[in-house]
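Since the model is a prediction, treat every value here as computed from it, not as a measurement. Order of the sequence lines sets the chain letters (A, B, ...), proteins ahead of strands, with each chain counted from 1.
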There are 2 protein chains.
Amino acid sequence: MAMETSTRPDTHAPSAEGEMLVPAMFQNLIGYHLRVAQETSFQAFARAAGKADLKPGWYSLLTVLAERESMTPSELSRICGRDRSTLTSSLKALSHRGLIERRPNPDDQRSYSVRLTENGRGMQKQLHAIAVVYDRRLDEIAGKDKAVLIAVLGRIAATFGMPQDC
Amino acid sequence: MAMETSTRPDTHAPSAEGEMLVPAMFQNLIGYHLRVAQETSFQAFARAAGKADLKPGWYSLLTVLAERESMTPSELSRICGRDRSTLTSSLKALSHRGLIERRPNPDDQRSYSVRLTENGRGMQKQLHAIAVVYDRRLDEIAGKDKAVLIAVLGRIAATFGMPQDC
DNA sequence: GCAAGGTAATTTGATATCAAACTATCTTGC
DNA sequence: GCAAGATAGTTTGATATCAAATTACCTTGC
């Protein structure tokens, strides 16, 4: 079936049973392959991070914060593509653990801004290191097709990532 | 930067604000683009399905069942890549709504098999129709790169989708 | 200046998910 | 046969997510 698995075709029983044979109806659906690839690779990252007692879900939050002096929850929500109500609890946890700090916005009593603490920056760096390791494997897998892959994925995100309707 | 966006560079204000500008640190990470592309495109499908009062999460379950006379929950779990405990509640809901039926396995009292009912088959067809519509847009976006895309995604899934360790 | 409507964050409620503990049953070794 | 261990499914507990409702504050039109 083409697709040379390349690495060790016989050690530690890699074939076996579980390999998740693709249902025929999904065979030709990009969405299916996209989903499976994303889920499996993210779970690998999450397992590695979890083993080091790091919360994989915090990675993007911390990273986005690492690139800006400070942001409001709503800005973070837009950039990370998570609902504001989701961020409420994440930010509560991050702040509880001293990874971020909040400070009131003097111009708007409803709002506040968050920024990384030193600890938060440290955790971001650790998570980023793990992410980079996993992404190197993705690089190898993509090989010469990396640029095409990223371009296509970018177009998908741009097309479907619009506000609501279309 | 190569990657001719091709389609309408100016109509209906595509730039605007919300476009989720990619954080610099993620720019070169395949995993990031993979995640965003998957999430946005799946959400589009889920919204469309939800509007028709169909549960998008049931799609893969029903589709897998549509291709086999019957299966046990454990087999479904392996094929769909969901934990067995997750399936317990899904199957309860599906069966509650008359979309599947369970029948005891005479050879093993612990187990049972599930199969689609006529209604279940109908719902699968409706969901599949919606999925196909969305996938046609993915096809357009991928264009000539579709084969490469699917191949790379397949390799990613195969690499990371192994049992546990490596 | 004040009422009407908009916006920021939170709370609440629903769903999906996994992992670990549990129950019931089956299989194996002896 | 029967005890020990494996397996099928479920339950329980934790987390992540969204959507809708809520509260507090801001902005605008007049």
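You won't find any donor-acceptor pair under 3.5 Å spanning the side chain of B:Arg110 and the base of D:dG9, going by distance alone. At a cut-off of 3.5 angstrom, counting only N and O atoms as typed in the model, there is no donor on one side facing an acceptor on the other between the side-chain of B:Arg82 and the base of C:dT17. A donor-acceptor contact under 3.5 Å is not formed by the side chain of A:Ser90 with the base of D:dA16.
Atom pair A:Arg47:CZ and C:dA19:P shows a separation of 8 Å (rounding to whole Å applied). B:Gln43 has its CD atom 9 Å from the C1' atom of D:dT17, to the nearest Å. Whole-Å rounding puts the A:Asp83 CG to C:dT15 P distance at 17 Å. Protein atom CD of B:Glu75 is 15 Å distant from nucleotide atom P of D:dT7, rounded to whole Å. B:Gln38 places its CD atom 13 Å from the P atom of D:dT17, with the value rounded to the nearest Å. When the P atom of D:dT17 is taken as reference, atom CG of A:Leu87 falls 9 Å away, rounded to whole Å. Atom pair A:Arg84:CZ and D:dT22:P shows a separation of 16 Å (rounding to whole Å applied). Atom CD in B:Glu39 sits about 11 Å away from atom C1' in D:dA16, given to the nearest Å.
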*Full working for ring pair (Phe, Tyr, Trp, His ring centres under 6.0 Å) between A:Tyr59 and A:Phe42*: CA-CA 12 Å; A:Tyr59 173 45; A:Phe42 182 76; 9.0 Å; no
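A distance-only check finds a donor-acceptor pair linking the side chain of B:Glu67 to the backbone of A:Ala24 [under 3.5 Å]. Side-chain atoms of B:His33 come within 3.5 Å of backbone N or O of B:Gln27 as a donor-acceptor pair.
Considering only the side chain of B:Ser85, C:dC18 comes nearest among C:dC18, C:dT17, C:dT10.
Both B:Lys55 and A:Pro73 sit near DNA chain C, but only A:Pro73 has its closest nucleotide nearer the 5' end.
Note that OH of B:Tyr32 is 11.5 Å distant from CD1 of A:Ile150, once rounded to the nearest 0.5 Å. Of the inter-residue distances, the one linking B:Gln38 atom CD with B:Leu153 atom CG reads 10.5 Å to the nearest 0.5 angstrom.
The side chain of B:Tyr112 contributes an N or O atom lying less than 4.0 Å from OP1 or OP2 of D:dT10. The shortest distance between the side-chain N/O atoms of B:Arg102 and the OP1/OP2 oxygens of D:dA8 is not below 4.0 Å. OP1 or OP2 of D:dT15 has not a single side-chain nitrogen or oxygen of A:Lys92 nearer than 4.0 Å.
Residue contacts shown for B:Ser111 are limited to sugar-phosphate atoms, with no base heavy atom under 4.0 Å away. Within the 4.0 angstrom heavy-atom criterion, base atoms lie near A:Thr86. Within 4.0 Å of B:Ser74, counting heavy atoms only, lie sugar-phosphate atoms of the nucleic acid but no base atom.
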